[in-house]
**Student:** 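Just dropping this structure here.
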Amino acid sequence: DTEVTQTPKHLVMGMTNKKSLKCEQHMGHRAMYWYKQKAKKPPELMFVYSYEKLSINESVPSRFSPECPNSSLLNLHLHALQPEDSALYLCASSPSLDRSSEQYFGPGTRLTVT
Amino acid sequence: QKEVEQNSGPLSVPEGAIASLNCTYSDRGSQSFFWYRQYSGKSPELIMFIYSNGDKEDGRFTAQLNKASQYVSLLIRDSQPSDSATYLCAVRSRYSGNTPLVFGKGTRLSVIA
């Protein structure tokens with residue numbers, strides 16, 4: 001079962017709201033990722049967790065705050081977002097961070113900031 | 001700068017033809033190569049990966065890797081309208097540290113019935 005789930009599927013939020021995106025996988029993967037994807041662009045890496053520790057933060061603004069409560073769950077907390085943050089937010093997981101890993105993506109959360 | 005280049009397309013092929021998608025990469029230290037398919041509004045789906053020079057076949061898909069020339073390609077035989085999507089090439093370098101994958105911008109494939 002190569003399934004990564006994400007909730008919610010769609011989210012509309014105002015610039016003063018606080019919301020969270022959730023991601024879950026039950027494949028025993030130890031690396032999890034957040035990506036942001038704008039229309040007609042490739043996914044852009046935001047954060048990587050390896051063994052529940054933040055491994056990579058690609059200079060993402062602090063209005064995005066990741067959290068990895070356990071090996072199966074990954075959250076992205078959102079606060080004071082800007083309209084340009086509207087995008088498809090993708091979660092992915094892989095067995096590990098080693099060079100042979102292949103990533104499996106969740107269905108994404110379509111975020112609109114008004 | 002580690003780069004992965006793809007022709008953005010659209011690449012239009014008739015139904016039943018072979019679609020050939022190409023990807024070049026600049027980092028000679030690259031070790032693992034992946035093809036993702038992404039339908040409009042959906043998330044990327046891993047369809048092939050290849051690590052060694054040569055061909056790797058899976059059903060109607062064949063991935064080809066030539067490390068000397070630094071290119072990787074994806075062939076889709078007997079193309080179907082349902083294959084119409086954007087195909088993303090992704091590369092992982094031995095020297096990329098913790099950076100998992102570098103994505104190309106994708107090639108949009110249109111299979112005409």
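Chain naming here is simple, since letters A, B, ... match the order of the sequence lines and numbering starts at 1 in each. This one's a predicted model, so the numbers in the text were calculated from it and none came from an experiment.
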**Student:** Does any heavy atom of chain A fall under 4.5 Å from the side chain of B:Gln38, the backbone, both, or neither of them?
**Tutor:**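 Contact with chain A: side chain only.
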**Student:** For B:Thr24, is there any backbone N or O sitting under 3.5 Å from a side-chain donor or acceptor partner on B:Gln70?
**Tutor:**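 No, because the side chain of B:Gln70 does not come within donor-acceptor range (under 3.5 Å) of the backbone of B:Thr24.
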**Student:** Would you kindly say whether A:Ser94 and A:His29 are connected by a side-chain donor-acceptor distance under 3.5 Å?
**Tutor:**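 Per modelled atom types, A:Ser94 and A:His29 side chains form no pair under 3.5 Å.
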**Student:** Checking B:Lys42 against chain A: side chain, backbone, both or neither under 4.5 Å from a heavy atom?
**Tutor:**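 B:Lys42 touches chain A through backbone heavy atoms alone.
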**Student:** Any salt bridge linking A:Lys36 with A:Glu44? Criterion: basic side-chain nitrogen under 4.0 Å from a carboxylate oxygen.
**Tutor:**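 Looking at A:Glu44 together with A:Lys36, the answer is no, because their closest N to O distance does not fall below 4.0 Å.
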**Student:** Would you find a donor on one side and an acceptor on the other, under 3.5 Å apart, between the side chain of B:Gln80 and the backbone of B:Asp78?
**Tutor:**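 At least one qualifying donor-acceptor pair exists.
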**Student:** Using heavy-atom distances under 4.5 Å, tell me whether A:Gln37 contacts chain B through its side chain, its backbone, both, or neither.
**Tutor:**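 Only the side chain of A:Gln37 comes within 4.5 Å of chain B.
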